[in-house]
Amino acid sequence: VQLQAYGGGLVQAGGSLRLSCAASGRTFTIYTLGWFRQAPGKEREFVSAIILSGGRTHYADSMKGRFTISRDNAKNTVYLQMNSLQPEDTAVYYCAAGALITRTYDEYDYWGQGTEVTVFS
């Protein structure tokens, strides 16, 4: 499975971005697609995840109400709509795929290359 994340960029505080993660390869083995982020000097943290069949979603508490994860199974793509962005959301955002629904990054089997989000005030 290969994952391609894109959509990051520079945005002013209060603005929005939509990240995309396109999966290819043996996508039938994927049960969950998730987003994590890692800010400079910090550990990688869970952002959100979605079960590809059924669409059940999970969010980190600090992202609820601001971020929305969705999927387009026909395109093997998962999206992360991020609204009301704040400077503390600045990080490299990674998509990950795996067979479990989990918030633990080392339980994901496949990782994309990351896309950088910078929020300035």
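Minimum interatomic distance between Gly8 and Thr115 (heavy atoms only, all atoms of both residues): N-OG1, 2.9 Å. Taking both residues in full, the closest heavy atoms of Cys95 and Ala5 are given as SG-CB, 3.9 Å, listed atom of the first, atom of the second, then distance. When all heavy atoms are compared, the tightest approach of Cys21 to Leu33 is SG-CD2, 4.4 Å. Shown here for Asp109 and Ala99, the closest heavy-atom pair between the two residues is OD2-N, 3.6 Å.
Side-chain contact check for Glu45 versus Gln38: every heavy-atom pair is 4.5 Å or farther apart. With contacts defined as side-chain heavy-atom distances shorter than 4.5 Å, the pair Ile51/Arg71 does not qualify. Two residues are said to be in side-chain contact when any heavy atoms from C-beta on lie closer than 4.5 Å; Val47 and Ile69 fail this criterion. Side-chain contact between Leu100 and Tyr108: absent, with no pair of heavy atoms (C-beta onward) separated by less than 4.5 Å.
Partners of Glu107 according to the salt bridge (Lys or Arg N to Asp or Glu O under 4.0 Å) rule, which considers only residues two or more places apart in sequence or in another chain, do not exist here. Take Gln86 and apply the side chain to side chain donor-acceptor pair (under 3.5 Å) test, not counting sequence neighbours, and it matches no residue.
There is no path of hydrophobic side-chain contacts, each under 4.5 Å, that joins Val117 to Phe46. Placement of Trp35 and Tyr110 within a single hydrophobic cluster is found when ILVMFWY residues are connected by side-chain heavy-atom separations under 4.5 Å, directly or transitively. Neither Ile101 nor Tyr105 shares a network with the other; the hydrophobic side chains, linked directly or stepwise wherever heavy atoms of I, L, V, M, F, W or Y lie under 4.5 Å apart, form separate groups for each. If you chain together hydrophobic residues whose side chains sit under 4.5 Å apart, Val92 and Leu80 never meet in one group. Residues Trp111 and Leu19 do not share a hydrophobic cluster, clusters being chains of Ile/Leu/Val/Met/Phe/Trp/Tyr side chains in contact below 4.5 Å.
Remark: Ser20 OG to Lys75 NZ distance equals 9.0 Å, nearest 0.5 Å. Between the OH atom of Tyr59 and the NZ atom of Lys64 there is a distance of 10.0 Å, given to the nearest 0.5 Å. With rounding to the nearest 0.5 Å, the separation of CZ in Phe28 from OG in Ser53 is 14.5 Å.
Judged by distance alone, the side chain of Thr104 and the main-chain N or O of Asp106 form no donor-acceptor pair under 3.5 Å. In this structure, the side chain of Thr27 does not engage the main chain of Ser24 through any donor-acceptor pair within 3.5 Å.
Outside the 6.0 Å centre-distance limit, the rings of Phe36 and Tyr94 are not counted as a close aromatic pair.
Applying the 6.0 Å contact sphere to CD of Glu88 captures more than 12 heavy atoms from other residues, nucleotides or ligands.
Cation-pi check for Arg18 over Tyr79 is met; the charged atom lies under 6.0 angstrom from the ring centroid and within 45 degrees of its normal.
Using modelled atom types, one finds no donor on one side chain facing an acceptor on the other under 3.5 Å when comparing Asp72 with Thr77.
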Checking Met63 against Arg37 for the side-chain contact (heavy atoms from CB on, under 4.5 Å) test, could you report, in this order, the C-alpha distance in whole Å, the side-chain angles of both residues, the deciding distance, and whether it holds?
CA-CA 12 Å; Met63 285 71 166; Arg37 69 184 186 185; 3.2 Å; yes

Is there a side-chain contact (heavy atoms from CB on, under 4.5 Å) between Ser16 and Gln81? Walk through the geometry before answering.
CA-CA 7 Å; Ser16 300; Gln81 178 67 42; 3.8 Å; yes

Checking side-chain contact (heavy atoms from CB on, under 4.5 Å) for the pair Thr32/Ile50: CA distance, chi angles, key distance, verdict?
CA-CA 6 Å; Thr32 302; Ile50 187 167; over 6 Å; no

Full working for side-chain contact (heavy atoms from CB on, under 4.5 Å) between Tyr93 and Glu116:
CA-CA 6 Å; Tyr93 284 71; Glu116 190 166 0; over 6 Å; no

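Among Asp89, Leu17, Thr90, the single residue meeting the side-chain contact (heavy atoms from CB on, under 4.5 Å) criterion with Val11 is Leu17.
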